[in-house]
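First comes the structure, then the notes that go with it.
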Amino acid sequence: MYTLIDGKKTAAEIRHEIAAEVKKRMEAGLKIPHLAAILVGNDGASETYMANKIKDCSEVGFKSSLIRFDNNVPEKTLIEKIIELNYDDDVDGFIVQLPLPAHLSENSVIEAIDPKKDADGFHPVNIGKMVLGIPGFLPATPYGIVELIKRYKIETRGKSCIVIGRSNIVGRPVSILLSQKGMDATVTVAHSRTADIGSLISRSDIVIAALGSPHFIKASMIKEGAVVFDVGTTRIKDSAGEKGWKLAGDVDFENVAPKCSFITPVPGGVGPMTRVSLLRNTLLAVTLREAGK
Ligand code: GUN
């Protein structure tokens, strides 16, 4: 029998902890943390992320603001806004929702963000610190996965882990975190050019699927007792549902789950933890600023 890793419940617990922290700050006359977000265009999935992020902020007592730009915003205009937020003392942390339209350079946009306000932990300075094991802002999804590992007391030391996907925001950073001292997993990063991926997966104790291909991971690939994190959130057609779509993970959950010791569902697994990481990074940003760091 497997344990379902309930990201929704864990994220709600963490939001309670953050809300208590915010209450203490208010009582001490300290600043209410403020998370801002920039959204370019009106991609459906990004709109949903944004609405949830704003709801999360109000639930924990953070101030939040949303800055919108049209799909065809010039890069210069976007970067000017980022610089304005960098200098805005009321804003403690902010994010730029990804993906961006093709005419905008994600790297240039991310590099314009003040690393001290980088609630997503995507800036090269923060990625560099993460690689070196220096405490700081961690990328939101990897941070959420690590927190689930800790709270569910999942053993990673000496375990073989395969990360499928090498994106800058999930695959690459989570592979680094899991191989670090303290986590101590032996990590393989697989990607679209990996040969015989099935046999690599079937030898792995921990599987982190972040490739964005619905139900790619089948039961036949999974080792008995494996731990599976499903980061996939692809919208697929669902004519029965009122929205007309539903979220599909990268894992064929129904058939894979019975072979697992732990597994995350989609939705309600990694996703809510990503959002809570933003709140944690924003709280860290405000406390570091107060400490003059
Ligand atoms: N798009 C998908 N996931 C994320 C995330 O964690 N942060 C941002 N900014 N955009 C995303």
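A quick note: this is a predicted structure, and the numbers were derived from the prediction, not measured. Atoms within a ligand are numbered from 1 in the order they appear, just like the ligands themselves.
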**OP:** Please identify each residue that fulfils side chain to side chain donor-acceptor pair (under 3.5 Å) with His215, with sequence neighbours left out.
**Re:** none
Original post:
What residues, two or more places apart in sequence or in another chain, satisfy side chain to side chain donor-acceptor pair (under 3.5 Å) together with Glu84?
Top reply: Lys81
May I have the N/O to N/O pairs between ligand 1 and the protein that fall below 3.5 Å, each with atom names and distance to one decimal?
from: ligand 1; atom 1: 1 (N); to: Gln97; atom 2: NE2; distance (Å): 3.3
from: ligand 1; atom 1: 1 (N); to: Leu98; atom 2: O; distance (Å): 2.8
from: ligand 1; atom 1: 7 (N); to: Asp120; atom 2: OD1; distance (Å): 3.1
from: ligand 1; atom 1: 7 (N); to: Asp120; atom 2: OD2; distance (Å): 3.2
from: ligand 1; atom 1: 9 (N); to: Val96; atom 2: O; distance (Å): 2.9
from: ligand 1; atom 1: 9 (N); to: Asp120; atom 2: OD2; distance (Å): 2.6
from: ligand 1; atom 1: 10 (N); to: Gln97; atom 2: NE2; distance (Å): 3.4
from: ligand 1; atom 1: 10 (N); to: Leu98; atom 2: N; distance (Å): 3.0

**OP:** Would you mind reporting whether Ile38 and Ile95 have side-chain heavy atoms less than 4.5 Å apart?
**Re:** no
Original post:
Does a donor on one side chain sit under 3.5 Å from an acceptor on the other, for Asp92 and His34?
Top reply: no
Original post:
How would you list, by chain and number, every residue that makes a salt bridge (charged side-chain N to carboxylate O under 4.0 Å, His left out) with Arg166, sequence neighbours excluded?
Top reply: none
**OP:** Could you check Ile208, Val231, Ile217 and say which one makes a side-chain contact (heavy atoms from CB on, under 4.5 Å) with Ile164?
**Re:** Ile217
